[in-house]
**Q** 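Quick one: this structure, given as structure tokens, is what I'll be asking you about.
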Amino acid sequence: MVSSKGTGCRAPEDPVLCINDCDFFGSAATMNMCSKCQKDMILLNKEHAKLAAASIKDIIRRSSSSDESELALVGAAVASADLASQISQVKSKVGLKKCTACRKSVGLTGFSCKCGDLFCAVHHYSDKHNYPFDYTNASQNAIAKANPIIVVQKLNKI
């Protein structure tokens, strides 16, 4: 921030988007996260600490030798890291709906494709997001199934 010489006031910062791509603005005081993402991060850290403390206490109670307790502590740390990664993956799937091609927020107007992705109005056409489906061949097969060839028996001449 640049301070003004005469008034002693500071100029406002440029807005920074949240680092979790939630389309809200963050600040340096909240580690460039919006208030909701920061609260979620704090709750996640508290839950992570509680789980780690509980697992360490259980491991210490159960283990009788020091070698086993060291191995168990390492295993608990790995398990807690896996838990944190699973929670972050679930949060990213539940998050805002964005176009896969341009990351534009689509909300209720998003188009879901046969490939399983979500697209905006510009990219929902198959040629705009490089969808490898052959529509010509598929339509020819559908017409061939719907209209079978009918062969009439010949009449005997008298």
Side-chain angles (χ1 to χ4, degrees), residues 1-139 142:
M1 288 192 208
V2 179
S3 62
S4 179
K5 292 180 182 176
T7 61
C9 297
R10 290 188 269 172
E13 296 179 358
D14 291 334
V16 178
L17 285 176
C18 179
I19 59 172
N20 292 334
D21 287 334
C22 65
D23 291 338
F24 289 105
F25 293 105
S27 67
T30 59
M31 298 179 291
N32 291 334
M33 289 188 276
C34 65
S35 59
K36 183 182 181 306
C37 292
Q38 184 192 19
K39 288 177 186 176
D40 291 342
M41 182 66 75
I42 291 171
L43 289 175
L44 180 68
N45 287 340
K46 285 182 181 178
E47 290 175 13
H48 182 21
K50 286 180 183 178
L51 285 173
S55 63
I56 289 172
K57 287 179 184 177
D58 289 341
I59 292 169
I60 291 174
R61 276 188 238 146
R62 292 181 187 168
S63 65
S64 59
S65 70
S66 62
D67 293 335
E68 291 177 6
S69 64
E70 289 176 10
L71 292 174
L73 288 174
V74 171
V78 170
S80 61
D82 290 340
L83 176 67
S85 66
Q86 289 174 354
I87 291 172
S88 64
Q89 288 174 355
V90 169
K91 282 188 178 182
S92 67
K93 289 179 182 176
V94 175
L96 294 174
K97 297 178 179 179
K98 293 190 176 193
C99 174
T100 307
C102 65
R103 303 289 300 154
K104 177 182 172 186
S105 180
V106 293
L108 298 174
T109 61
F111 295 91
S112 58
C113 183
K114 291 179 184 177
C115 60
D117 292 330
L118 187 68
F119 296 100
C120 63
V122 174
H123 296 107
H124 79 277
Y125 297 110
S126 62
D127 59 335
K128 295 293 182 183
H129 68 270
N130 299 328
Y131 184 62
F133 188 72
D134 186 14
Y135 287 102
T136 307
N137 195 11
S139 61

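Predicted model, so just to flag it, every value in this text is computed and none were measured.
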**Q** Above 12 or not: heavy atoms from other molecules or residues under 6.0 Å from CZ of Phe111?
**A**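 Counting neighbours around CZ of Phe111, more than 12 heavy atoms of other residues, nucleotides or ligands fall under 6.0 Å, so yes.
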
**Q** Which value, rounded to the nearest 0.5 Å, describes the distance between Met33 atom CE and Ile42 atom CD1?
**A**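 Nearest 0.5 Å value for the CE-CD1 distance: 7.5 Å.
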
**Q** Under the side chain to side chain contact (heavy atoms under 4.5 Å, CB included) rule, what do Phe119 and Cys113 come out as? Steps first, then yes or no, please.
**A** CA-CA 7 Å; Phe119 296 100; Cys113 183; 3.8 Å; yes

**Q** How close do Cys99 and Cys120 get, counting heavy atoms only, and between which atoms?
**A** SG-N, 3.5 Å

**Q** If every non-hydrogen atom of Cys34 is compared with every non-hydrogen atom of Cys18, which pair is closest and at what distance?
**A**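 Nearest pair, atom of Cys34 first, then Cys18: N-SG, 3.4 Å.
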
**Q** With heavy-atom distances below 4.5 Å as the criterion, would you say the side chains of Lys98 and Leu118 are in contact?
**A**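 No; the side chains remain at least 4.5 Å from each other.
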
**Q** For His123 and Ala101, which heavy atoms make the closest approach, and how far apart are they?
**A**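 Of all heavy-atom pairs spanning His123 and Ala101, the closest is CG-CB, 3.7 Å.
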
**Q** When rounded to the nearest 0.5 angstrom, what is the spacing between SG in Cys37 and CG in Asn32?
**A**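 Spacing of SG (Cys37) from CG (Asn32) equals 11.5 Å.
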
**Q** Any side-chain heavy atom of Val16 sitting closer than 4.5 Å to one from Phe25?
**A**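 No. Closest side-chain heavy atoms not under 4.5 Å.
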
**Q** Kindly compute the distance separating NE2 (His124) from CG (Asp117), expressed to the nearest 0.5 Å.
**A**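 Answer for the NE2-CG pair, His124 versus Asp117, is 14.5 Å.
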
**Q** Please give me the minimum heavy-atom distance between Gln38 and Thr30, naming the atom from each residue.
**A**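 Nearest heavy atoms, Gln38 then Thr30: OE1-CG2, 3.1 Å.
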
